[in-house]
Amino acid sequence: YTRHINPVLSADARLSFAHTYASPLYGASQSYGGEVDLLYDLNSTMSLRAGYGVTRQSRYTPAPLDLSENVVFAAIQKRF
């Protein structure tokens, strides 16, 4: 989802979900996450992006395993 707050500032939100069923090679797993960020246009070819993302992954077999990730980020993007 993208929302344009004004001509040079926009906000993005993304959600993700995946579920994998068990197979002979890999066990069942599930992952979900989300990300929110702000994008500010510095000029016609450069933007500043800052935001937060979270992901959680769970594996059920052969041994249960849970992994979580939280990321805060800032970046300058150059478009050509």
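Residue numbers start at 1 and run along the sequence shown. Small disclaimer: the values here were computed from a predicted structure and weren't measured. What you see below is based on every heavy atom in this structure, not just the backbone, and it leaves out hydrogens, waters and symmetry mates.
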Does Tyr40, at its OH atom, have more than 12 non-hydrogen atoms belonging to other residues, nucleotides or ligands within less than 6.0 Å?
no

Applying ring-ring contact (aromatic ring centres under 6.0 Å, His included), can you list everything that pairs with His19, at least two apart in sequence or on another chain?
Tyr21

side-chain hydrogen bond (donor to acceptor under 3.5 Å, both in side chains) partners of Ser58, counting only residues at least two apart
Asp66

If you round to the nearest 0.5 Å, how far is CD of Gln77 from CG of Leu42?
10.0 Å

Given Arg49, which of Ile76, Leu39, Leu38 fulfils the side-chain contact (heavy atoms from CB on, under 4.5 Å) condition?
Leu39

If you measure from OH on Tyr52 to CG on Asn70, what distance do you get to the nearest 0.5 Å?
3.5 Å

Do the non-hydrogen side-chain atoms of Ser29 and Gln57 ever get within less than 4.5 Å of each other?
no

Do Glu35 and Thr55 pass the side chain to side chain contact (heavy atoms under 4.5 Å, CB included) test, and can you show the C-alpha distance, the side-chain angles, and the key distance before you say yes or no?
CA-CA 9 Å; Glu35 183 179 310; Thr55 302; over 6 Å; no

If you take all heavy atoms of Val71 and Glu69, which pair is closest and at what distance?
CG2-CG, 3.8 Å

Linking I/L/V/M/F/W/Y whenever their side-chain heavy atoms sit closer than 4.5 Å, directly or via other members, would Leu65 and Tyr60 fall into one cluster?
no

When every non-hydrogen atom of Asp41 is compared with those of Ser47, the smallest separation belongs to OD1-OG, 2.8 Å

Treating Ile, Leu, Val, Met, Phe, Trp and Tyr as nodes and any side-chain heavy-atom pair under 4.5 angstrom as an edge, say whether Leu48 and Val8 lie in one connected cluster.
yes

Considering residues, nucleotides and ligands other than Arg3, do more than 12 of their heavy atoms fall under 6.0 Å from its CZ?
no

Quick one: side chain to side chain contact (heavy atoms under 4.5 Å, CB included) partners of Tyr32, sequence neighbours excluded?
Phe17, Gln30, Arg56

Give, for atom CG of Asp12 and atom CG of Asp37, the distance between the pair rounded to the nearest 0.5 Å.
4.5 Å

